[in-house]
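Input: a single structure, listed below in structure tokens.
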Amino acid sequence: MATYDLDEQERLDELKAWWKRWGNLVMIGLAVAIAASAGWRYWQNRTLTQSLEAAAVYEKLTQSLAGNDAKGAREAGTMLIEHYKGTAYAPRAALLLAKLNVGGKDLKSAQTQLEWAAANSKEPAVKDLARLRLAGVQLDLKQYEAALKTLAGSHSDAFAFRFHDLKGDVLLAQGKKTDARAAYQAAFVEMQEDNPYRTLVELKLDALGGAVK
């Protein structure tokens, strides 16, 4: 029994010595872990709340557009971009506002919104669509080199034919018919035979000397 008590005392002394040396560090580490866990839960809850709020505002935006309420749509869209820019709804709102501005002949505002959407969207499809529409606005504004630069970046295969086709439009507007034909040909090759857009591209090629089958 005495030996047992001695062993226990030695272990207790070792523990006290260890705690004296490392106790503060352990407590700090524990406090950091607790704070990190609390912070993570707060961030998750905050993200969920932001997403739900943004969804409600986005619904208001779409309803306003459906009801031809341009003022309400602009207010909802601006709120999403300014207060919920970290959500997926903000870039989509920018696309809708840009479309609204194009319809109202306000190409400069549309350009700003599309540039924002292209720069801030985390969804590849939304980013590609924003770049396509941006290049289209730049073409209308006769910003040909800017449009070609917008179209030059990487994009998903699903949008490949649209990028090539719009590049052809820009090059044709510059009077570069040979380059435009090459771009249209690239678009033509990318499309499936049952793609209804293929006929339009083929007409463009015919006007420039015909498509290579």
Side-chain angles (χ1 to χ4, degrees), residues 42-170 173 187 191 195-201 204:
Y42 171 80
W43 181 84
Q44 285 184 310
N45 291 335
R46 178 59 178 165
T47 300
L48 177 60
T49 300
Q50 284 256 311
S51 183
L52 291 174
E53 291 175 355
V57 179
Y58 188 79
E59 183 177 3
K60 181 181 179 181
L61 167 59
T62 57
Q63 289 175 345
S64 296
L65 289 172
N68 294 318
D69 179 9
K71 183 175 182 294
R74 293 183 193 282
E75 289 175 352
T78 300
M79 181 179 293
L80 282 166
I81 293 170
E82 292 182 352
H83 300 291
Y84 300 96
K85 60 184 178 181
T87 70
Y89 294 100
R92 292 169 181 266
L95 289 179
L96 292 177
L97 290 182
K99 184 177 180 180
L100 186 63
N101 284 321
V102 168
K105 308 301 182 184
D106 186 359
L107 297 182
K108 283 295 185 180
S109 293
Q111 181 177 16
T112 298
Q113 287 152 351
L114 291 169
E115 287 173 343
W116 189 91
N120 290 276
S121 178
K122 298 178 178 63
E123 298 178 86
V126 174
K127 187 181 289 289
D128 285 346
L129 187 56
R131 288 171 54 212
L132 276 169
R133 293 183 181 178
L134 173 59
V137 169
Q138 291 169 329
L139 172 58
D140 290 339
L141 290 170
K142 301 185 185 327
Q143 299 174 0
Y144 303 133
E145 292 303 322
L148 290 175
K149 184 177 180 180
T150 298
L151 294 168
S154 61
H155 49 74
S156 63
D157 292 342
F159 286 91
F161 76 90
R162 296 184 63 180
F163 272 79
H164 289 307
D165 177 57
L166 188 50
K167 181 180 178 181
D169 291 345
V170 176
M191 286 184 284
N195 190 324
Y197 198 76
R198 205 167 192 248
T199 301
L200 178 59
V201 175
K204 294 178 181 180

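Not measured: the values here are computed from a predicted model. Values below: all heavy atoms of this structure, side chains included; hydrogens, waters and symmetry mates excluded.
When all heavy atoms of V170 and A147 are compared, the closest pair comes out as CG2-CB, 3.9 Å. Looking at every heavy atom in both residues, S154 comes nearest to D128 through O-OD1, 4.2 Å. Among all heavy-atom pairs drawn from A135 and L166, the shortest one is CB-CD2, 3.6 Å.
Take H155 and apply the ring-ring contact (aromatic ring centres under 6.0 Å, His included) test, not counting sequence neighbours, and it matches F163. Every side chain to side chain donor-acceptor pair (under 3.5 Å) that K204 has, sequence neighbours left out, goes to D165, D169. Residues satisfying the side-chain contact (heavy atoms from CB on, under 4.5 Å) criterion with M79, sequence neighbours excluded, are V57, H83, Y84. Listed by chain and residue number, L139, Y144 satisfy the side-chain contact (heavy atoms from CB on, under 4.5 Å) test with A173 (two or more places apart in sequence, or in another chain). In this structure E145 satisfies the side-chain contact (heavy atoms from CB on, under 4.5 Å) test together with L148, Q174, K176, sequence neighbours excluded.
Enclosure of atom CZ in R162 is not indicated, since only 12 or fewer non-hydrogen atoms of other residues, nucleotides or ligands lie within 6.0 angstrom.
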Side chain to side chain contact (heavy atoms under 4.5 Å, CB included) assessment of V201 paired with M191: CA-CA 10 Å; V201 175; M191 286 184 284; 3.5 Å; yes
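Screening residues 100-128 for ring pair (Phe, Tyr, Trp, His ring centres under 6.0 Å) gives no qualifying pairs among residues at least two apart or on separate chains. The list of side-chain hydrogen bond (donor to acceptor under 3.5 Å, both in side chains) pairs with a residue in residues 89-100, not counting sequence neighbours, reads R92-E123. Contacts classified as side-chain hydrogen bond (donor to acceptor under 3.5 Å, both in side chains) and involving residues 55-69 (residues at least two apart or in different chains) are given here: E59-Q63.
Residues L132 and T150 form no side-chain contact, since every pair of their non-hydrogen atoms from C-beta on lies 4.5 Å or further apart.
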Mind listing the side-chain donor-acceptor pairs of residues 100-110 below 3.5 Å, one per line with the distance, residues two or more places apart or on another chain?
residue : atom : partner : partner atom : Å
N101    : OD1  : R74     : NH1          : 2.6
N101    : OD1  : R74     : NH2          : 3.3
N101    : ND2  : L97     : O            : 3.2
N101    : ND2  : Q113    : OE1          : 2.8
D106    : OD1  : S109    : N            : 3.3
D106    : OD1  : S109    : OG           : 3.2
D106    : OD2  : S109    : OG           : 2.7

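With rounding to the nearest 0.5 Å, the separation of CD in Q143 from CG in L134 is 8.5 Å. Rounding to the nearest 0.5 angstrom, the gap separating the CZ atom in R131 from the OG atom in S121 is 11.5 Å.
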